[in-house]
Amino acid sequence: MTIEYRDTEVVFAEIVGVEDAEVLLAWLQERSPVQADFSACTHMHPANIQVLMAAGVQVAVWPVAAPLECALRSVFSAGS
């Protein structure tokens with residue numbers, strides 16, 4: 001499973017594809033605030049990143065994979 005949904009946290013693992021974006025959006029629309037754990041994530045389709053940004057999700061744990069960490073830090077820091 002690439003996305004694990006918890007009470008107020010969403011945990012991403014391995015490759016998160018575009019097919020996950022719609023379910024992620026529906027889940028986020030029912031919760032606030034939510035934190036994201038990217039520690040085990042190695043790739044994320046941009047649709048999911050857009051959903052997370054639109055929902056105002058805070059990053060709890062950055063990815064271990066350096067290229068993804070760099071990209072996500074850039075994206076999530078752009079608005080702060």
Side-chain angles (χ1 to χ4, degrees):
M1 177 174 266
T2 58
I3 301 178
E4 180 181 342
Y5 298 98
R6 298 179 180 167
D7 284 343
T8 59
E9 183 179 53
V10 58
V11 180
F12 299 96
E14 300 176 8
I15 298 171
V16 182
V18 67
E19 66 277 3
D20 297 310
E22 191 172 334
V23 175
L24 176 61
L25 175 61
W27 186 81
L28 287 170
Q29 288 176 330
E30 297 175 1
R31 287 162 184 80
S32 181
V34 172
Q35 293 188 329
D37 179 339
F38 296 104
S39 60
C41 188
T42 57
H43 176 82
M44 177 165 291
H45 189 278
N48 294 296
I49 296 171
Q50 291 175 330
V51 166
L52 293 170
M53 292 177 65
V57 172
Q58 299 295 310
V59 178
V61 183
W62 295 103
V64 173
L68 183 59
E69 178 191 9
C70 182
L72 291 181
R73 281 188 185 272
S74 175
V75 168
F76 282 95
S77 299
S80 56

(request) Find the distance between CD (Q58) and CD (E9) and round it off to the nearest 0.5 Å. (result) 12.5 Å
(message) If hydrophobic clusters are built by linking Ile, Leu, Val, Met, Phe, Trp and Tyr wherever their side-chain heavy atoms come under 4.5 Å apart, do V23 and V16 end up in the same one?
(response) yes
(request) Report the C-alpha distance between I3 and W27 in whole Å, list the side-chain angles of each, state the deciding distance to 0.1 Å, and finish with yes or no for side-chain contact (heavy atoms from CB on, under 4.5 Å). (result) CA-CA 11 Å; I3 301 178; W27 186 81; over 6 Å; no
(request) Would you kindly confirm whether V11 and Y5 end up in one hydrophobic cluster when ILVMFWY residues are joined by side chain heavy atoms under 4.5 Å apart? (result) no
(message) Could you measure the distance from the CG atom of L24 to the CZ atom of F12? Nearest 0.5 Å is fine.
(response) 5.0 Å
(request) Can you label the angle between the F76 ring and the F38 ring as parallel, tilted or perpendicular, going by 30° and 60°? (result) tilted
(request) With L25 as reference, evaluate D20, N48, V51 under the side chain to side chain contact (heavy atoms under 4.5 Å, CB included) test and give the passing residue. (result) V51
(request) Kindly work out whether a path of hydrophobic side-chain contacts (I/L/V/M/F/W/Y, heavy atoms less than 4.5 Å apart) joins V18 to V75. (result) no
(message) Just so I know, are the side chains of L72 and I49 near enough to count as touching, which here means a heavy-atom distance under 4.5 Å?
(response) yes
(message) Could you measure the distance from the NE2 atom of H43 to the CD1 atom of I15? Nearest 0.5 Å is fine.
(response) 7.0 Å
(request) Compare every heavy atom of V61 with every heavy atom of S39, then report the nearest pair and how far apart it is. (result) CB-CG1, 3.5 Å
(message) Pair R31, V10 - check side-chain contact (heavy atoms from CB on, under 4.5 Å), show working.
(response) CA-CA 11 Å; R31 287 162 184 80; V10 58; over 6 Å; no
(message) Show the nearest heavy-atom pair for residues C41 and P63, with the distance to one decimal.
(response) O-CB, 3.9 Å
